*Asks:* 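Dropping a structure here in C-alpha cells format, bear with me for questions.
Per chain, numbering begins at 1; letters A, B, ... match sequence-line order. Keep in mind it's a predicted model, so treat the numbers as computed, not measured.
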Amino acid sequence: MDWPPLPREFYARDPIAVARELLGKILMRESADGLASGRIVEAEAYLSSRDPACHANRGRNRKNATMFGPAGHAYVYMIHARWCLNAVTEDVGCASAVLIRALEPLAGIPLMQGRRGLEELRDLARGPARLCQALAVTKALDGHDFTLGRDLWIATDPSANGSPRRIHRSRRIGVTSAHSRLLRFFLADNAFVSGKRSARRR
DNA sequence: CTACCGATTGACT
DNA sequence: GTCAATCGGTAGA
C-alpha cells in the first residue's frame with residue numbers, strides 16, 4: 001500500500017476549505033527511526049492579513065517567512081518551548097495557513113510512545129505540540145514541501161471510502177485575538193480531539 | 001547581551 | 001475550573 005501525497009492544488013485554496021478537508025486525511029512521518037502516522041481530527045485556519053491572530057498579520061519576518069511562500073509547505077513554529085505544525089495555504093504571498101491540532105495515531109505507535117514518554121494512546125498526539133513531539137517534527141522541517149511524499153506529507157485515507165463525517169466548528173483554542181471567529185474544525189465525537197469537554201462540542 | 005513573549009501542556013483544586 | 005513551567009525566537013540596548 002502506498003500513500004501518495006496530496007497535490008499542491010489541494011493546499012492552494014481558501015484555508016477554511018483546506019482546514020475542513022484536512023480532517024480525515026493521514027499525516028505521514030518517515031524518519032531514520034521509522035514510519036509513524038495518524039489521522040487528522042482537528043485543524044484551525046489562520047487567515048493572513050485579515051486575521052489578527054495569524055502570525056503573518058503584521059508582515060513578513062524571519063520566523064514566519066515560510067507562510068509567505070508557496071502553498072503545500074510545512075510552517076513549523078515554536079510556542080511555549082514546543083513546536084507546532086501548519087500547512088501553508090492559498091497563493092504565494094498570501095501567508096495563510098492551517099494549524100494541525102490533533103491526530104488519531106495509526107502507524108508507528110510504539111515509536112510515538114517512545115518519543116512522548118508515555119503509553120496512553122489518547123495522549124500521544126492530542127494537541128498541536130504533542131503531535132509534533134510524537135512525530136519528531138522540529139524547526140528542521142520548517143519549509144519542507146508536503147507534496148514530495150517523503151519525510152513528512154499528507155495523504156488520503158484509502159479506507160475512508162468517502163463516507164460522510166460529522167464536522168463541527170468552534171472558536172480557536174488559545175488565541176488571544178479574534179477569539180470569536182469560528183475557525184477551528186474537528187471531527188464530532190472523536191476521542192482524539194484536544195481541549196476540554198466543552199471545547200469538543202460545537 | 002538581556003528582556004519579554006507565546007496558535008501549550010500538565011499538574012493541580 | 002486554575003495556574004505556572006516551558007525555552008527558542010525576536011527586538012532592542
Side-chain angles (χ1 to χ4, degrees), chain A residues 11 14-20 22-23 27 38 40-69 71 73-90 94-105 112-144 146 152 154 168-187 191-201:
Chain A
Y11 301 97
D14 175 5
I16 293 175
V18 176
R20 275 185 162 278
L22 275 178
L23 299 182
L27 180 61
I40 298 171
V41 299
E42 178 183 353
E44 287 177 353
Y46 287 84
L47 313 183
S48 186
S49 57
R50 55 201 190 277
D51 178 5
C54 182
H55 289 165
N57 182 255
R58 288 186 177 178
R60 182 179 184 146
N61 56 43
R62 177 141 72 264
K63 182 175 170 179
N64 67 21
T66 302
M67 276 182 108
F68 286 83
H73 288 246
Y75 166 50
V76 179
Y77 73 95
M78 174 161 278
I79 180 75
H80 293 278
R82 295 143 209 267
W83 300 109
C84 294
L85 174 67
N86 297 250
V88 177
T89 56
E90 288 187 282
C94 276
S96 62
V98 171
L99 171 68
I100 300 172
R101 284 197 55 92
L103 302 179
E104 177 178 343
M112 294 194 235
Q113 288 169 325
R115 288 166 174 162
R116 292 274 296 128
L118 52 83
E119 302 283 309
E120 180 56 49
L121 197 62
R122 198 170 99 90
D123 294 336
L124 288 182
R126 182 170 47 86
R130 289 168 173 161
L131 76 87
C132 283
Q133 187 181 15
L135 297 186
V137 172
T138 68
K139 190 72 178 173
L141 285 164
D142 184 43
H144 172 75
F146 282 128
L152 182 68
I154 303 173
H168 283 184
R169 70 189 292 179
S170 74
R171 296 177 178 201
R172 292 175 292 189
I173 291 181
V175 298
T176 52
S177 54
H179 182 59
S180 64
R181 302 186 71 169
L182 301 176
L183 295 173
R184 172 173 174 258
F185 299 88
F186 56 100
L187 294 182
F192 298 90
V193 169
S194 77
K196 299 285 161 57
R197 206 160 74 91
S198 60
R200 283 187 264 122
R201 309 195 65 79

*Asks:* Can you list the stems that include DNA chain C, where a stem is three or more consecutive Watson-Crick or G-U pairs with distances under 3.5 Å?
*Replies:* B:1-6 with C:7-12, B:8-12 with C:1-5
*Asks:* dT9(B) P sits how many Å from L118(A) CG, rounded?
*Replies:* 13 Å
*Asks:* When you check every protein heavy atom under 4.0 Å of nucleotides 1-7 of chain B, what one-letter string (B, S, -) results, 5' to 3'?
*Replies:* -----BB
*Asks:* Report the residues that fulfil ring-ring contact (aromatic ring centres under 6.0 Å, His included) with F68(A), sequence neighbours left out, ordered by chain and then residue number.
*Replies:* none
*Asks:* May I ask you to say what R82(A) touches in the nucleic acid, namely base, sugar-phosphate or nothing, with a heavy-atom cut-off under 4.0 Å?
*Replies:* base
*Asks:* Once rounded to the nearest 0.5 Å, what's the spacing between atom CG of L23(A) and atom CG of L187(A)?
*Replies:* 5.0 Å
*Asks:* Can you tell me if R116(A) touches the phosphate of dG10(B), counting only side-chain N or O atoms and a distance under 4.0 Å to OP1 or OP2?
*Replies:* yes
*Asks:* Any Lys/Arg nitrogen of E42(A) or R20(A) sitting under 4.0 Å from an Asp/Glu carboxylate oxygen of the other?
*Replies:* no
*Asks:* Only counting residues at least two apart or in another chain, list the ones meeting salt bridge (charged side-chain N to carboxylate O under 4.0 Å, His left out) with D14(A).
*Replies:* none
*Asks:* Checking A71(A) now: which residues fulfil side chain to side chain contact (heavy atoms under 4.5 Å, CB included) with it, not counting sequence neighbours?
*Replies:* Y11(A), A12(A)
*Asks:* My understanding is that only residues two or more places apart in sequence, or in another chain, count here; which of them pass salt bridge (charged side-chain N to carboxylate O under 4.0 Å, His left out) with R116(A)?
*Replies:* none
*Asks:* Could you pull out all residues at least two apart from H144(A) that satisfy side-chain hydrogen bond (donor to acceptor under 3.5 Å, both in side chains)?
*Replies:* none
*Asks:* Rounded off to whole Å, could you give me the CD-to-C1' distance for the E120(A) and dG10(B) pair?
*Replies:* 15 Å
*Asks:* Polar atoms only, N or O, under 3.5 Å: list the protein pairs with nucleotides 11-13 of chain C and their distances.
*Replies:*
none

*Asks:* Taking side-chain hydrogen bond (donor to acceptor under 3.5 Å, both in side chains) as the test, write out the residues that go with R62(A), two or more places apart.
*Replies:* none
*Asks:* How many whole angstroms separate atom CD of Q133(A) from atom P of dT6(C)?
*Replies:* 15 Å
*Asks:* Taking ring-ring contact (aromatic ring centres under 6.0 Å, His included) as the test, write out the residues that go with Y75(A), two or more places apart.
*Replies:* Y77(A)
*Asks:* Applying side-chain hydrogen bond (donor to acceptor under 3.5 Å, both in side chains), name anything that partners D51(A), two or more places apart in sequence or on another chain.
*Replies:* R172(A)
*Asks:* Just to verify, what does T66(A) make a side-chain hydrogen bond (donor to acceptor under 3.5 Å, both in side chains) with, not counting sequence neighbours?
*Replies:* D142(A)
